[in-house]
Amino acid sequence: MGKSEEEIQPLNPEDSLVEITTGEDSPKSKSPRHGHSTSKEVASAVTSSWVSRRFLSGCAVLFPLVVTVYVTWWFLTFFDNFFSPVYEALFGFHVFGLGFVTSMAFIFCTGVFVSSWLGSLLLQVGEWIIKKLPLVKHIYSAAKQVSAAVNPANETTQSFRECVLIRHPRNGEYAFGFITGSTLLQDVHGDVQLFSVYVPTNHIYVGDVFLLGKQDIIKVNLSVREGLEIVVSVGMALPQNLMSIQR
């Protein structure tokens, strides 16, 4: 009542709103900074993904090359060390590869010699002596069974005769197997022919042996070599189509 009209000023809502909002960053003022941060994250993710793909592509290309070079070098060095000391003692110098060539020639000559009647006779005498030794005979017997699988001259005792499919480990699932032999189960109800099917579980020479009837074996259009390639390649060499055949 004692105040003049100039001292009493009405409150303007728009002025107070401007004062309140100007003390903080508005959403519009934040948007450029936030968009810049998002674009940096996207660019970083794209770059990281590109680098990862190119790195894995390089590993996929170099891995088989490195393994091939390493195995080849180990193979050469291993056989070269057999006869290289002999040449070094005779001539006083070492020539890399000369021992390897000599080793290959020695292996070839051994194969030619044991193919003759004299070599076969000496081999039989040697095996007879080895089989009389308590511990060595078991090691030699296992090693000979493995070598029989890769010996082309031993056609009567081929380890893997056919590549087949069997229902394993339960109905609806199949496993690759190799027929290694057959036997005759004699029963009061009659004789039943059973086939010995070897199913690899860890590489080639570790697995399970099943005795199955002919009706439980599915024969497919795969050779033994193709079946081995499928097992060694962990299924990557599997053909697109498999055909059940009657032999």
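Along the sequence shown, residues carry numbers from 1. Every heavy atom of this structure was used, including side-chain atoms; hydrogens, water molecules and symmetry mates were not.
- Summarising the geometry, atom CZ belonging to F195 is positioned 10.5 Å from atom OG1 belonging to T183; distances are rounded to the nearest 0.5 Å.
- Note that the CG atom of N221 and the CG atom of L242 stand 6.0 Å from one another [nearest 0.5 Å].
- Hydrophobic clustering (ILVMFWY, side-chain heavy atoms < 4.5 Å, transitive): L62 and V69 are in distinct clusters.
- Within 6.0 Å of CZ in F113 there are more than 12 heavy atoms belonging to other residues, nucleotides or ligands.
- Closest heavy-atom contact between V199 and A175: CG1-CB, 4.1 Å.
- D216 CG to K214 NZ: the interatomic distance, rounded to the nearest 0.5 Å, is 12.5 Å.
- One finds the CD atom of E173 at 13.0 Å from the CG atom of L165 (value rounded to the nearest 0.5 Å).
- When all heavy atoms of G227 and C163 are compared, the closest pair comes out as CA-SG, 3.7 Å.
- Connection of L98 to I107 is established within a shared hydrophobic cluster, with ILVMFWY side chains joined at heavy-atom distances below 4.5 Å, either directly or through further cluster members.
- Looking at every heavy atom in both residues, A237 comes nearest to S233 through N-OG, 3.0 Å.
- When all heavy atoms of T180 and R161 are compared, the pair lying nearest together is O-NE, 3.9 Å.
- At a threshold of 4.5 Å between side-chain heavy atoms, the hydrophobic network of Ile, Leu, Val, Met, Phe, Trp and Tyr places V209 and V192 in two separate groups.
- A 4.5 Å side-chain heavy-atom check between Y174 and R167 finds at least one atom pair inside the cut-off.
- For the atom pair CG (L222) and CG (L238), the distance works out to 8.0 Å, reported to the nearest 0.5 Å.
- The same ILVMFWY cluster, assembled from side-chain heavy atoms under 4.5 Å apart, contains both W128 and V125.
- In terms of heavy atoms, I130 sits closest to K137 at O-CB, 3.6 Å.
- Hydrophobic clustering keeps L211 apart from I217 (ILVMFWY residues linked when any side-chain heavy atoms are closer than 4.5 Å, directly or through intermediates).
- Side-chain contact between T102 and Y87 is present, with at least one heavy-atom pair separated by less than 4.5 Å.
- Considering CG of L194 and CG of L185, their distance stands at 5.0 Å, rounded to 0.5 Å.
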Can you list, pair by pair, the side-chain donor-acceptor contacts under 3.5 Å of residues 74-85, counting residues two or more places apart and other chains?
| unit_1 | atom_1 | unit_2 | atom_2 | d |
| --- | --- | --- | --- | --- |
| T77 | OG1 | W73 | O | 2.7 |
| D80 | OD1 | S84 | OG | 3.2 |
| D80 | OD1 | G97 | N | 3.0 |
| D80 | OD1 | G99 | N | 3.0 |
| D80 | OD1 | F100 | N | 3.1 |
| D80 | OD2 | S84 | OG | 2.8 |
| N81 | ND2 | T77 | O | 3.0 |
| S84 | OG | D80 | O | 2.6 |

